Amino acid sequence: MIMIFGIPIQAFLGQLLIGLINGSFYAMLSLGLAIIFGLLRVINFAHGAQYMMGAFAGMLLLTWLGVNYWFALILAPVVVGITGIIVERFALRRLYNLDHLYGLLFTFGLALVVEGTFRYFYGSSGQPYATPKLLSGGVNLGFMYLPIYRGWVVVASLIVCIGTWLLIEKTRLGAYLRAATENPILVQSFGINVPLLLTLTYGLGSGLAALAGIMAAPIYQVSPLMGSNLIIVVFAIVVVGGMGSIMGAIVTGYALGIIEGLTKVFYPEASNIVIFVIMALVLLVRPAGLFGRDA
Amino acid sequence: MSDKEILLSVRDLNAWYDESHVLHGVNLNVRRGETVTILGRNGVGKTTTLRSIVGILRKRTGEIEFNGHNLMRLPLHKTAKTGLGFVPEERGIFSTLSVEENLMLPPKISNSGMSIEEIYDLFPNLYERKTSSGTKLSGGEQQMLAMARMLRIGVDMLLLDEPTEGLAPVIVQRIGEVLQTLKQRGMTILLIEQNFRFASKIADRFYLMEHGLVSAGFDANELPDRMDMLHEVLGV
């Protein structure tokens, strides 16, 4: 048996894959959070609920309307994105001139209301969402068995993260977003409709959370609490990457997913806390985060 | 000059920062093609006047008409589309954008603006450093970038807030040359300037502000007769 650092290679690579899959969700979720915080300066505690809503939207579209996974992959983020736009337009917008704490408390309350409502109607236990036929089964890589759906999640997440990064770093719209992050009033005086940009950004961030949710549905099942279980870890990742840093959110999301996975191999007792230990160390050494800009 | 149409008209402009009443009824006109300088000591309301005209400061009353548009009724993002270009005192260069991204950021409002080639001819330093981060430029280069940004989009009038502040004499001279070039091209300019020597070489007309009001207005050819008054008010 081939060993690596005293561990069978199958166990090592298996955990590496699990870490990469978790990292894919961490990256997509922290990306949405970073975009929202970067422009709106809102610490969006409703992000976990929006992730859950994405998974539920996929499941309900399937059971009510017979919409399959592939269409749900587009429709669920659009539906949740529109709810995000409504929330920003009628509620969050009123809090921009107040301390960050108000936005945090509002979105935290919103998350509790949304999760409570879904729990009331659907209970706390998870509900299955079938893996799409095209992505069912697996591939024997020789050293391990790779479920095709999980491979798809990693690839799709990479495409989404790189696409979003390119949108923000390499397009005119992205330049508006980056400039508005620094000085929204001046950008508005240039003729750019910043309030509309803020609304669409919150919609985009919410949609990204929902996309992660529908992609997670076949792996983790659909449960009203699936977001609240994840959101604290994702916030820790955003802090490590640097609040508002797009590249930081992506790189840290994958890296900490992998570190968490490998910790399960080498020191399982620490696997649930390793991300928070790293967060604490980063805050001590570099408070702005690994990719963040010093205030 | 006086037979030219009035491009910007400000009547009885009052403005507040929270509860603090800063402007107390400012009146001024700028005609098309003119360069007008607002003079005054620190804290008399010069910058507030520009910020109120542009609409960055929203707590204001009075009348502001520009190019046939009532600016009091327009949301901030629609003011630029009337042809008004604002270059703030702090220059407003974005650190997350390259020099070229900073230059290309504001959407074009007409086809009368300078081409990117013309801008790089006028400001060769910007071409040499077009891939650098905007805030890596020197203060003078940042000022030129802030002005160039407005010239590209085809504005009818430039509002410049202290463009020479904190710059070396050689850079001040260069900015003076650029403003002369813009004047020759027919650009209308409203300039706030503490550097009286600089402003006196460029402006066609002056307004003097004291205590949130325009206390005097005069043409450039009246300057010699006004020097005693300016000396008293500005200490020049």
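Remember, it's a predicted structure, so these values are computed and weren't measured experimentally. All heavy atoms count here, side chains included; hydrogens, waters and symmetry mates do not. To find a chain, count down the sequence lines: A is the first, B the second, and so on, and within it residues start at 1.
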Participant: Can you establish whether the number of heavy atoms outside B/K59 located under 6.0 Å from its atom NZ is more than 12?
Facilitator: yes

Participant: Just wondering, are more than 12 heavy atoms of other shown residues or ligands nearer than 6.0 Å to CZ in A/F108?
Facilitator: no

Participant: May I ask you to name which of B/V155, B/T82, B/L105 has the most heavy-atom pairs under 4.5 Å with chain A?
Facilitator: B/L105

Participant: So for B/K81, is it side chain, backbone, both, or neither that comes closer than 4.5 Å to the heavy atoms of chain A?
Facilitator: side chain

Participant: Above 12 or not: heavy atoms from other molecules or residues under 6.0 Å from NZ of B/K78?
Facilitator: no

Participant: Heavy-atom pairs under 4.5 Å with chain A: which of B/T96, B/L97, B/L84, B/I109 has the most?
Facilitator: B/T96

Participant: Does anything in residues 178-202 of chain A reach chain B? List residues with heavy atoms under 4.5 Å apart, or say none.
Facilitator: A/R178, A/A179, A/E182, A/N183, A/I185, A/L186, A/V187, A/Q188, A/S189, A/F190, A/G191, A/I192, A/N193

Participant: Without placing hydrogens or testing angles, list every side-chain donor-acceptor pair under 3.5 Å for residues 75-87 of chain A, not counting sequence neighbours.
Facilitator:
from	atom 1	to	atom 2	distance (Å)
A/T83	OG1	A/V80	O	2.5

Participant: Could you check whether atom OH of A/Y102 has more than 12 heavy atoms from other residues, nucleotides or ligands sitting under 6.0 Å from it?
Facilitator: no

Participant: Between B/P75, B/P107, B/G55, B/G134, which shows the greatest number of heavy-atom pairs under 4.5 Å with chain A?
Facilitator: B/P107

Participant: Side chain from CB out, backbone as N, CA, C, O: work out which of these in B/I93 comes under 4.5 Å of a heavy atom of chain A, or both, or neither.
Facilitator: backbone

Participant: So does B/Y127 have more than 12 non-hydrogen atoms from other groups sitting under 6.0 Å from OH?
Facilitator: no

Participant: What part of B/T79 lies closer than 4.5 angstrom to a heavy atom of chain A: side chain, backbone, both or neither?
Facilitator: neither

Participant: Using non-hydrogen atoms and a 4.5 Å limit, figure out which bit of B/M104 sits close to chain A: side chain, backbone, both or neither.
Facilitator: both

Participant: Pick one of side chain, backbone, both or neither for B/S95, based on which atoms fall under 4.5 Å of a heavy atom in chain A.
Facilitator: both

Participant: A quick test of your reading: do over 12 heavy atoms of other residues, nucleotides or ligands sit less than 6.0 Å from CG of A/D99?
Facilitator: yes

Participant: Count the heavy-atom pairs under 4.5 Å between each of B/N102, B/I56, B/L76 and chain A, then report the option with the highest count.
Facilitator: B/L76

Participant: Crowded around B/K108 NZ? As in, over 12 foreign heavy atoms under 6.0 Å?
Facilitator: yes

